[in-house]
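Written below as structure tokens is the structure these notes are about.
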Amino acid sequence: MEPLRNLRTNFVVLPDLPLEDVLEIFQFIGISQPEILQLVDMSKAMKDGMVDCLKIFDWICDTSGDQADNSSNQDQISPTSQWLEKDEIFEFQFPAELAINVQAMPEELLTQLAGSGCQIPEVEDRAIELKQLLFVLACIRCGFQTTFSSASGRCLQHSWSDQQGRALTPEEVNLYHLVDLLVKPATAARECSFVELMAEGPQPCKWFVSHWWGEPVCDFTACLRQHSKDRNLRKATLYYWVCAYANNQWNVRGEIGEDPSDSSFRRAMRKASGTVSIVDKSAVCYTRIWCIYETYISTLEQASHTHGERYLFDIYTNENPDAREAVGITDGLAAIDGTGPKQARRKRHREWRFPFELIQKALDIRVEKAFASQEEDRRMILNSIAGLEELTLPPAEVHEGYNLLNNVLHGRFSAASFAKASATPGVDLARHAEALSFSLLESLTIHFGGDCLEKLMDKAVVILAENLPETLTDLFLGFQSCRKLTDMSAVALGGALHRLKKLKRLEIRLSSGPDISDEGVYALAQGLRSCAHVLEWLSLDFMGNKGKKKISEEGCSALAASLEQMQQLQKVHISMASGSKSLRNALAKLGIQPLHLEDDS
């Protein structure tokens, strides 16, 4: 029974995994879902939504051992599950003779485990599937386990070390290590990309991944797992293009080429729906020139998808010590935010966990200070960002193209953190606001909740209003239940609307807390006239105003007069404490049914 008892140390990839990930890994190596679920249930390995893999294997060993002791054949393995009948360990886990000097892992090993392999001529079609990334994690863990060799009949110890000979832990392994220790040894016989070793055919890029190779692979994978959940990606869209696995590491320069616009990176991004930028704990990724180039393409050059859809730029990290999961800042709302009036609140709850210290570091990033392993890469990328045709020239130290990209990147982080910054003592809110003003954002959603309910002051809203980017076409601001706000905030927002001449969709919630009167409503009404020729969707919520001031028919009439000028308006939703005849008449003139006007009287 010794081979079976060593099974537990040979297979265990991670001690605790969500059930869905356990299903993915086990099914990937040929075990059916009913068998896995039965085994999890019988071994009582599930706790708080996580599966204890060690417990599963201890249960298998104990059960098989008890039954084997009653058998005349001490080497018999009792069929606690059908897949254990085939070849002791081989069918269930990595083959026994994986006995596993992973540093010399033959191509045949990965072929057996991950498919027959194939040739994929187009590098942009070499994205890696999420379950294949989980298999990479398995290989990493395998490099640090005690394994049993059925051929030699003894346990073998093996571990990985870096180029300086320092022993590595699984949690330390990054892509620099992995390419040397797994990717190149595994692909040496064919001199192909790692994806071609695992795939059965083309795997077109759905999401491009921008990252620093120094990020631990386990953190990297955690970010993509969380991204796939947040975006609710289906199997057909679960392909992530990762350069280390997609590029042929035996011909990297040939894959990249001499012009960034024709590089493998750029070709993959042309096929992608968006980019996932993975940020390490020190934001080193934004000091690397290729990450800078990928950000430039994602946020500036690739303005729209080939099918007319907006190209997305999501930012994820696994560096929050207080969270069990990775956390991301998504470009707009994500599927996990659901639908209905609480979408923005869910987005705030989700993104609030993004480490604020990391955002502060990101605001210090300067494109022109980025470096590269190859100086020629830095030169050609900075010249590309500067819009030069001759890419081999020494790059300028200062250029407006650099400033533009700095502003866009800083603005993404500022937009996601402005609510938190406004409620955090000692934070330079003006700095966040300035970053927002130059961001070139077209869509902005900020929901003020949590600490903001008591700490958000008019001054912060004034700073925000003065720095809203003029590029906005879609704006949501949620101030409901923020008890310290007054007409000053509404007046500032009304003033900002005079500048937002591209705005097509606007929602402002000032209900159940802010003390708003005719003065605030009048300012907003005046501001709306500036975008009357483009605004298509409007929602204003003044419901539940408990302050001393009230909104009278005079304020409603001012708002009604502005509504009557909005010939592009298709939908209106206005909530306030009392009905208004003038507002109902204005909506009727626009052909919008009165039911779009609500009151709580």
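Start at 1 with the first residue, then count along the sequence.
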Under-4.0 Å salt bridge between Asp314 and Arg231: yes
Quick one: does Arg346's side chain have a donor or acceptor within less than 3.5 Å of a partner on Asp337's backbone? yes
Taking atom types as modelled, find out whether Glu351 and His447 have a side-chain donor-acceptor pair closer than 3.5 angstrom. no
Has Thr471 got a side-chain atom pairing as donor or acceptor with Leu441's backbone, closer than 3.5 angstrom? yes
Does a side-chain heavy-atom distance below 4.5 Å link Leu493 with Ile508? yes
Asp280 side-chain N/O to Cys285 backbone N/O, donor-acceptor pair under 3.5 Å: yes
Candidates Leu472, Thr299, Leu300, Asn407 - the one meeting side-chain contact (heavy atoms from CB on, under 4.5 Å) with Leu440: Leu300
Is it true that a side-chain atom of Asp518 and a backbone atom of Ser552 form a donor plus acceptor pair closer than 3.5 Å? yes
Would you indicate whether Gln565, at its atom CD, is surrounded by more than 12 heavy atoms from other residues, nucleotides or ligands within a distance under 6.0 Å? yes
Between CG on residue Leu485 and CG on residue Asp458, distance to nearest 0.5 Å: 5.5 Å
Quick check: do Lys206 and Tyr240 have side-chain heavy atoms less than 4.5 Å from each other? no
Do the side chains of Ser511 and Phe542 get nearer than 4.5 Å, heavy atoms only? no
Test log, rule ring-ring contact (aromatic ring centres under 6.0 Å, His included), inputs His432 and Phe418: CA-CA 7 Å; His432 282 257; Phe418 193 90; 7.1 Å; no
Spacing of NE2 belonging to His211 relative to OG1 belonging to Thr275, to within rounding of 0.5 Å: 11.5 Å
Taken to the nearest 0.5 Å, the spacing of Glu357 CD from Gln360 CD works out to 8.0 Å
Measure from the side-chain N and O atoms of Lys342 to the backbone N and O of Thr339, and report whether any donor-acceptor pair falls under 3.5 Å. no
Taking only Lys NZ, Arg NE, NH1 and NH2, and the carboxylate oxygens of Asp or Glu, determine whether Asp364 and Arg431 approach each other closer than 4.0 Å. yes
Could you check Leu477 against Val461 for side-chain contact (heavy atoms from CB on, under 4.5 Å), going step by step and ending with a plain yes or no? CA-CA 10 Å; Leu477 298 173; Val461 180; over 6 Å; no
Are any side-chain N or O atoms of Glu554 and backbone N or O atoms of Ile551, one a donor and one an acceptor, separated by less than 3.5 Å? no
Do the non-hydrogen side-chain atoms of Asn174 and Trp213 ever get within less than 4.5 Å of each other? no
Between Glu301 and Arg270, is the salt bridge (Lys or Arg N to Asp or Glu O under 4.0 Å) condition met? List the steps. CA-CA 11 Å; Glu301 187 169 307; Arg270 288 192 184 101; 5.6 Å; no
Min side-chain heavy-atom separation Asp474-Leu506 under 4.5 Å: no
Pairwise distance CG(Leu429) to CD(Glu434) - rounded to 0.5 angstrom: 12.0 Å
Any side-chain donor near an acceptor of the partner, Ser562 and Gln526, under 3.5 Å: no
State whether a side-chain donor-acceptor pair under 3.5 Å links Thr486 with Asp515. no
Distance-only polar pair, side chains of Tyr286 and Ser277, donor-acceptor under 3.5 Å: yes
Locate the shortest heavy-atom distance separating Ala419 from Ile446; write the atom from each residue and the value. CB-CG2, 4.1 Å
Given side-chain contact (heavy atoms from CB on, under 4.5 Å), test Ser530 with Leu497 step by step and report yes or no. CA-CA 7 Å; Ser530 298; Leu497 292 177; 5.6 Å; no
Kindly give the heavy-atom pair with the smallest separation between Lys361 and Ser282, and that separation in Å. NZ-CA, 3.8 Å
Check whether more than 12 heavy atoms from other residues, nucleotides or ligands sit under 6.0 Å from atom CZ of Phe476, and answer yes or no. yes
Looking only at heavy atoms, which two atoms of Pro260 and Tyr293 are closest? And how far apart? O-OH, 3.0 Å
Ion pair check, Arg499 and Glu470, cut-off under 4.0 Å: yes
Separation of His533 NE2 from Leu503 CG (nearest 0.5 Å): 10.5 Å
Could you walk me through whether Val367 and Leu382 pass the side-chain contact (heavy atoms from CB on, under 4.5 Å) test, one step at a time? CA-CA 8 Å; Val367 169; Leu382 287 179; 4.0 Å; yes
Do Glu124 side-chain atoms and Arg267 backbone N/O form a donor-acceptor pair below 3.5 Å? no
For Ala523 versus Val491, what's the shortest heavy-atom pair and its separation? CB-CA, 3.6 Å
So, for Val279 and Glu215, which heavy atoms are closest and what is the spacing to 0.1 Å? O-OE2, 4.3 Å
Would a 4.5 Å heavy-atom cut-off, applied to side chains only, mark Trp212 and Ile278 as touching? no
Glu368 with Arg378: basic N within carboxylate O range, under 4.0 Å: no
Can the ring centres of Phe438 and His410 be said to be less than 6.0 Å apart? no
When the aromatic ring centroids of Phe265 and Trp290 are compared, is their separation below 6.0 Å? yes
Cut-off 3.5 Å, side chains only: do Arg350 and Thr330 have a donor facing an acceptor? yes
Backbone of Gly332 reached by a side-chain donor or acceptor of Ser443 within 3.5 Å: no
To the nearest 0.5 angstrom, please state how far the OG atom of Ser582 sits from the CG atom of Leu559. 8.0 Å
Applying side-chain contact (heavy atoms from CB on, under 4.5 Å), run through Leu405 and Ile365 and close with a yes or a no. CA-CA 10 Å; Leu405 184 53; Ile365 294 164; over 6 Å; no
Aromatic contact between His573 and Trp537, with the criterion being ring centroids under 6.0 Å apart: yes or no? no
Is there side-chain contact between Val276 and Cys223, with at least one heavy-atom pair below 4.5 Å? no
Can you check whether Ser517's main-chain N or O pairs, donor with acceptor, with Asp487's side chain at less than 3.5 Å? yes
Please lay out, stage by stage, how Asp331 and Tyr311 fare under the test side-chain hydrogen bond (donor to acceptor under 3.5 Å, both in side chains). CA-CA 9 Å; Asp331 193 344; Tyr311 192 87; over 6 Å; no
Does the pair Glu454/Arg483 count as a salt bridge with the N-to-O cut at 4.0 Å? yes
Of all the heavy-atom pairs spanning Ala335 and Asn232, show the shortest one and how long it is. CB-CB, 3.5 Å
Heavy-atom side-chain proximity of Arg366 to Thr287 below 4.5 angstrom: no
So, Lys455 side chain and Thr424 main chain: donor-acceptor pair closer than 3.5 Å or not? no
Before giving the answer on salt bridge (Lys or Arg N to Asp or Glu O under 4.0 Å), spell out for Arg509 and Glu507 the whole-Å C-alpha distance, their side-chain angles and the decisive distance to 0.1 Å. CA-CA 7 Å; Arg509 297 181 184 175; Glu507 182 168 1; 2.9 Å; yes
